[in-house]
Structure formats: C-alpha cells, structure tokens
K.L.:
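First, the structure itself, so that you have it in front of you.
Labels below follow one simple rule: chain letters A, B, ... track the order of the sequence lines, proteins then strands, and each chain is numbered from 1.
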Amino acid sequence: MPMRERHAFSSPRDAGEGFILKETTMALGYAADALTTPEFDADGFRRLGRFLLRPLWLAPVACALIVTTLYPFVFLVALSLSKSSLGKPFRAFAGLKNYALALGDGEFIASLLRTVAYALLSSAIQVAAGLALALLLFTLLKGGRFLLSLFLLPLMTPPVMVGVAWKLILAPAGGLLNGTLLRLGLVDEPVSFLGSAALAWASIALADLWQWTPFVAILCFAALSSLPEGVDDAARLDGAGPFERFWYITLPLIAAPLAAIFLIKLIFAFKLFDLTYILTYGGPGFATTTTGFSIFRLSMQQFEVARAAAETLIFAALIGLVTLPVVRLHRALERREA
Amino acid sequence: MSAISLSGLAKSYRDVPVVKGVDLDIAEGEFVVLVGPSGCGKSTLLKMIAGLEELSAGDIRIAGRSVVDLAPAERELAMVFQSYALYPHMTVAGNIGFALRIAGLPRAEIDRRVRAAAATVKLEGLLDRYPRALSGGQRQRVAIARALARQPKVLLFDEPLSNLDAALRQETRVEIARLHKALKATILYVTHDQVEAMTLADRIVLMNNGRIEQAGTPLDLYERPATLFVARFLGTPAINLFGAARMGLPGAATVGIRPEHLLLEDATHPGGLAARVEFVEELGDVRLIHLLTEADEKIVAKQPAGSPWQAGQSVRVSWRTEHLHRFDLAGQRLDDAPEQRPEKAA
C-alpha cells in the first residue's frame, strides 16, 4: 500500500487558525500509517519522530499568546458575566446584567462617543500635520534625517512627564502660556484652560499633538522615501505644479502607507489615558472622561470590576467596529498597488 | 535656427565641477547622442536642459528662446527617463494623457492625442492596463508615448535602453531610429553604450570629465578620433595602442590602430612586428586574434571567419599607414603627416 502523500513543511501562509488542527490530523495520520502499514519502516518512524518534535518549535509563541492574550481575555469575559468586586471576584453568576447596566448608563455611552470622536479627529489632524511636516523636511533638505532624529525627543518623553509639562505650561497661576498671553496683552486675566470643556479638550489634543506628531512625521517621511524614482521629475516635466504633484502623484502613491499610519494612530488615540489623568482627571465634570479613563475609575476607585470588564469588552468591540473600515481601506489601497 | 543651443554651460555641486563649460548647437530634426563614461556629466547636462537641475553658469536656448528661467514644463521638451518613471497608479492612457490633463485640455482632445501617441509606438491594445501589468519593453514604449503626447519641440532620452535585456534593447533601438525618421523630431539622447551612439546618432557628442571631447558624425569620430580618449572609447574590441618611439614614428607619443586594420602574415613573412597568437575568440562572422608582441604588448586583430590563425602560432603583424592614428603626449590627434615610413617596425 503506497504511503499517503504528505508535505513535510507548510508555507507560512498556513500558520493561521487551521494550522494546529491540520498539524494534529497529520500527526494522527502518521501514527495510523505506522500502525497499519507493514512497509512503514525505520525511516517512517524517524519521520514521525521529527514530526512530533514540531509542536515544540511552536511552543514559545503559543505560550506567549496564552499568557498575554488568551488568559486575560477569558478572565475578562468570565469577570463580565459575574458578580464581582475588586476584593472578592466571582461571587456569583450574573448573566448579562453587567452589560445591561453599562449600555443603560448614559454617561458610559457619552464617554464612548467622546472617545471615538476624539480618536478619529485627533488622528486625522495628527496625520495631516505629520505629513505636512514630513513633506517640508523632504523637500527642504533631502538629508533631513538628522533633524528627523531630533523629532524623536517628544516620543522619548514618558507620557506622564508630557502631561505634567503641559499642566505647568497651561496652569492659570504662573503657567508659561498664561504668562505669555498676559505679557503680550492678549488676555486681561489668566485663562483656565482646563476649566471649560472645549478648552480642556483642546489642551489635551495639543499635548497629544505635541507628543505624537513627530512619530507620525517619521512614518510619513519613510512613506515619502519609498516613492518610485523619477516620478516627481516626470510630473514636473508634464507641467504639474507643487500642489498638483502632491494631489495627483504623491498622495495616491502613499495612500496605502498613510492609511496604515492613520490606523496605528487611531489605535493609540483610543488608548488615551495618561494625558486625561494628569491634565483634567476627566473633568470638568465628565467633559473629558474617555472610556478608558471611566473604566479605570469604575474598577480602581469604585471596585466595580465586573461592570468594568463588561464595559471593556463593549469598548473593544467598538474599537474593532471603528477600525475595521480603516483596515479595509488600507487593504484595498494596497491591492491597488500590488 | 538651432533647436537647442548651449553656451558655456557649467554645473558644480558645492566646489566640485561636474559640467565644465559646454557649447553645443543642435539643429532642428537632428538626432544627437551624448555619450561618455559614467560620471562624465552627460546625465547632469541633460537634466540641466530639461530644467531639473539648476545651472551654475551659461545659457540654454530652445528654438532661439533662453529657457534658463523657465520651469521644466514651459521649455516645450519632453523626457524619457532611464527608470521610465511611469505613474504606477495610472493606466497607460492616464500616463500618456497626464500632461494634457494638467494643461486643462478638453477630454475629447486628450483622448484623441493619447490614442495618436499610443498608435505611434503600437500600444493601442494596452491603454487600460496599469504599468505593473506591462513588460519592460511596453513600459518603455509608454514612456515614449507620454513624451510624444505633449508634442514637444525636443525629445530628451536619458539612457532609455539600459533597463532592457539585450534582444529587446536591439529591437527598441531600431524602433527609436524609425520613430526619429517618421517624426523628424529633434532628439538629444544620453547613453554610455557606444553601439547605441554609433547606430542612432546623426551626430555623436562624446563627453569626458565634464567637457566635450569631440563632436561629429559617428564615422568622423571612429575614423578620425580627435583625442586618445575618443579613440579608446569607440570601437570593440578597443583600439590597439603602441608607444610611438618603438614604431619609428617621430613627433607622436602614441600610435593607435584598430583591430580590423591589422594585417597578419605567417612568421616567414618579412617586415612587421613579430608576435605570437595567445588565443582566438570565435564570433562566427569574425575571429578575434589575441596576440602578444615581443615587447609583451597585448594586441587584438579582427580577422574574417575561416582565417587560419591558431593559438601558439608565430605571426608577423603589419598595417597600412593610412590606418594609423597618431597622438601627442597630451593625447591630441596629430594630423596625418605624409612622410610616415610604412609598415616597418623598429
């Protein structure tokens, strides 16, 4: 009886969900061959042995995934379905009660909307600003890489320090910004930047912009560097001015990386926490309470870990919903280029 | 009036001069090939004419009008890039018509001119394709069609064939020659390939080290190289060079003779240089006989197929006086003086 044909190696493409299942079936197949085929010789056993060693190579990744992703996720789902407090988790099964509570809470829904609006808007602004900065560097000095590394400074500052620095800058009494505005005579009395909803959001956005735009600019610079050679010169000869070259040539050619950069920034923006924590503590009122911050307060201050878990899962689902179109867009743009 | 007129054109990067004062007139309808070794400044010169590089000094006139202060697009020329530089996100039609779209032409007119340009280079069936779906040769033709669509006064080519394989290069070369004949366009063509230069040019401009070494018809340059550099640059295999003193030619420093002008006789023959055949390259239509003279000079003779020379054989090498090229110490050609002593080596 001829041995069944099996490929010793699968392509990396196969390393998806079906991978483990396929591996297992194949291992069982080898074992079955070993038991039922008389011709299954020493060589066959060696192959079986080699095959059984293969899961060992996967073990590190599998362990990491289980510890960092699978376990917390299962724990979170279990928590959200339970009656728990921080001190005494899993006291009873609560069904979907936590979800119902969360979705019935106007303030939670409001925080979700705030967070989504802030993430989309701030990311769009930062990608636009970062791209403008990168274009400037790219055209002004082609050897602008040195300047680019200076750009990393804000990025290397711990977020908490960024928050503290901006809090000092924005402080009504003796703050740098208020002092300057007063000296220039632009205002008569110190402005409470963090005291009104609109200004507080603007302050957070400004600090966020300061911290993240350089990073976006570096990514944009890399995207610009990947433009095909000569295309810009060709467009110049074809009579396209700077704006037309940007609009018809550069932008379409970096659209795919730009979508990816936007996606990264969007995910970062959803995680906004430190700046609200330091600058406004979610205030005034709940005006700058993002979902991440509200979940933190719910769990760590009110010890409502079960409801916090439910809110976290709802939030995660929402992030997926918002980022999905961007992922799709990125894929579509990339396919266009391939 | 000349189509292009360059006077005193110079370019330096910081303190490094790359183009050192170039004067050149190109007549309307002329096919001029700028050729030279890499780094000789020929591509820089082309980019200066196109307006993609600033000048350090000099003037460029196109159809009598100084274009130094004009943007590239206003100079009424088009360029075919070495990398083709097609717009990867536009179809073939989009590529060819981009300049017209920017110029704000009506759609029907753009469409008409795109089709006309595409027909010139036989691209009709491919107008809806993207560059990524085209072969190297087809991309090249799109680049040419894009240049033609603008109906420029002058066409610039920057090493357009260097990304093609040998067979395709030959084919495209013929295609470009045909195109020039059909369009009667003024063409300035940069290459480092002497075969392209010899076959395409009405006039070759050979550059070396930022200067024009010699300009003239291909045969001019081949038969009467003005300098040692030109003599060495053109011709495959390269010209054979001897110290003139050894050859008994007073006044000259170096004497050159092309491989096809060397005459071989067997060793019993009187006169000529004694040499030994090192090895033979068989090319089918010709044979390249590599020789080593008694003074250890390596020379090559081009002989017809079927000539009898074999490796290891001793031969006598001679030539006809009118085939000698004589150069002075500075590498400048010495005009053929009548009093040379024929065929007798020292």
K.L.:
Is the CD atom of B:E54 crowded by more than 12 outside heavy atoms at less than 6.0 Å?
P.N.:
no
K.L.:
Would you say that more than 12 heavy atoms from the other residues, nucleotides or ligands in this model lie under 6.0 Å from the NZ of B:K153, or not?
P.N.:
no
K.L.:
Supply the atom-to-atom distance A:E229 CD to B:Y84 OH, rounded to the nearest 0.5 angstrom.
P.N.:
12.0 Å
K.L.:
In the structure I gave you, are the side-chain heavy atoms of B:S83 and A:P228 within less than 4.5 Å of one another anywhere?
P.N.:
no
K.L.:
With a 4.5 angstrom heavy-atom cut-off, which part of B:R101 approaches chain A: side chain, backbone, both or neither?
P.N.:
side chain
K.L.:
Between chain A and each of B:P72, B:A103, B:A78, B:A143, count heavy-atom pairs under 4.5 Å; write down the option with the most.
P.N.:
B:P72
K.L.:
CD1/B:I102 to CD1/A:I249 distance, rounded to the nearest 0.5 angstrom?
P.N.:
7.5 Å
K.L.:
Are the side chains of B:F81 and A:V231 in contact, using a 4.5 Å heavy-atom criterion?
P.N.:
no
K.L.:
Can you tell me which of A:A234, A:G230, A:G239 forms the most heavy-atom pairs within a distance under 4.5 Å of chain B?
P.N.:
A:A234
K.L.:
Of the listed residues (B:A149, B:A85, B:A71, B:G51), which shares the most heavy-atom pairs with chain A below a 4.5 Å separation?
P.N.:
B:A85
K.L.:
Do you know which two heavy atoms are closest between B:F98 and A:A235, and how far apart they sit?
P.N.:
CE2-CB, 4.2 Å
K.L.:
Is there a donor-acceptor contact under 3.5 Å from the side chain of B:R150 to the main chain of A:L237?
P.N.:
yes
K.L.:
Within the supplied structure, the quantity of interest is the number of heavy atoms (other residues, nucleotides, ligands) at a distance under 6.0 Å from B:D165 CG; does it exceed 12?
P.N.:
yes
K.L.:
Tell me, yes or no, whether the heavy-atom count around A:Y248 atom OH, taken from other residues, nucleotides or ligands under 6.0 Å, exceeds 12.
P.N.:
no
K.L.:
Distance check, rounded to the nearest 0.5 Å: B:E53 atom CD versus A:D233 atom CG?
P.N.:
8.5 Å
K.L.:
Counting heavy-atom pairs under 4.5 Å to chain A, which of B:H89, B:R146, B:K47 comes out on top?
P.N.:
B:H89
K.L.:
Are more than 12 heavy atoms, taken from residues, nucleotides or ligands other than A:R114, located less than 6.0 Å from that residue's CZ atom?
P.N.:
yes
K.L.:
With only heavy atoms counted, which part of B:L86 is less than 4.5 Å from chain A, the side chain, the backbone, both or neither?
P.N.:
backbone
